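Working notes, structure below.
It should be emphasised that the depicted structure is a prediction, and the values quoted were computed from it without experimental measurement. For the numbers below, each heavy atom of this structure counts, side chains included, while hydrogens, waters and symmetry mates do not.
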Amino acid sequence: MARVVVDVMLKPEILDPQGKAVHGAFGRLGFDGVADVRQGKRFEITLDGEATEERVAEIRKAADTLLANPVIEDYTLHVENGQ
């Protein structure tokens with residue numbers, strides 16, 4: 001079995017109100033030294049069998065069309081084998 005992990009984040013130029021709210025909460029709760037917070041999404045996709053190039057390409061296509069909005073979000077994808 002293999003796991004493909006897709007991490008989705010808002011592009012840097014897109015405002016992140018949820019991240020700003022968490023950043024404000026850090027200060028109110030006494031956590032100092034936090035310069036900024038950005039909130040994102042993580043998808044862990046477990047495959048039956050190996051993560052072949054073809055299967056990873058399918059997951060990348062799903063990330064392009066389903067998991068991330070390419071207008072406002074970027075994503076990274078990596079494979080964790082043997083999970």
- Derivation of the side-chain contact (heavy atoms from CB on, under 4.5 Å) call for Thr76 and Val6: CA-CA 6 Å; Thr76 58; Val6 181; over 6 Å; no
- Would Met1 and Thr46 satisfy side-chain contact (heavy atoms from CB on, under 4.5 Å), going step by step from the backbone distance to the final call? CA-CA 7 Å; Met1 291 177 87; Thr46 303; 3.3 Å; yes
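With rounding to the nearest 0.5 Å, the separation of CD1 in Ile59 from CG in Leu47 is 5.5 Å. The CD atom of Glu73 lies 9.5 Å from the CE atom of Met9; values are rounded to the nearest 0.5 Å. If you take CG on Asp16 and CD on Gln39, they are separated by 6.0 Å, rounding to the nearest 0.5 Å. Note that CG of Asp64 is 11.5 Å distant from CG of Asn69, once rounded to the nearest 0.5 Å. Of the inter-residue distances, the one linking Leu77 atom CG with Ile45 atom CD1 reads 7.5 Å to the nearest 0.5 angstrom. Interatomic distance, CG of Leu10 versus NZ of Lys41, reported as 8.0 Å (0.5 Å rounding).
Heavy atoms from other residues, nucleotides or ligands lying under 6.0 Å from NZ of Lys20 number 12 at most. Counted within 6.0 Å of CD on Gln18, heavy atoms from surrounding residues, nucleotides or ligands total 12 or fewer; the atom is thus considered open. Residue Leu29 places its CG atom among more than 12 non-hydrogen atoms of other residues, nucleotides or ligands, all under 6.0 Å distant. Around CD of Glu50, the count of heavy atoms belonging to other residues, nucleotides or ligands within 6.0 Å does not exceed 12.
Under a hydrophobic clustering in which Ile, Leu, Val, Met, Phe, Trp and Tyr are joined whenever their side-chain heavy atoms come within less than 4.5 Å, directly or via other members, Phe43 and Tyr75 fall into the same cluster.
Counting only distance, with no hydrogens or angles, the side chain of Lys11 and the backbone of Pro70 share a donor-acceptor pair below 3.5 Å. Between the side chain of His78 and the backbone N or O of Val4, no donor-acceptor pair lies under 3.5 Å. At least one donor-acceptor pair under 3.5 Å links the side chain of Arg55 to the backbone N or O of Asp48.
Here the closest heavy-atom approach between residue Val8 and residue Leu67 is recorded as CG2-O, 3.9 Å. Val5 and Glu44 get closest at one heavy-atom pair: CG2-CG, 4.3 Å.
In summary, Glu58 and Arg60 do not engage in a salt bridge, as defined by a charged side-chain N under 4.0 Å from a carboxylate O.
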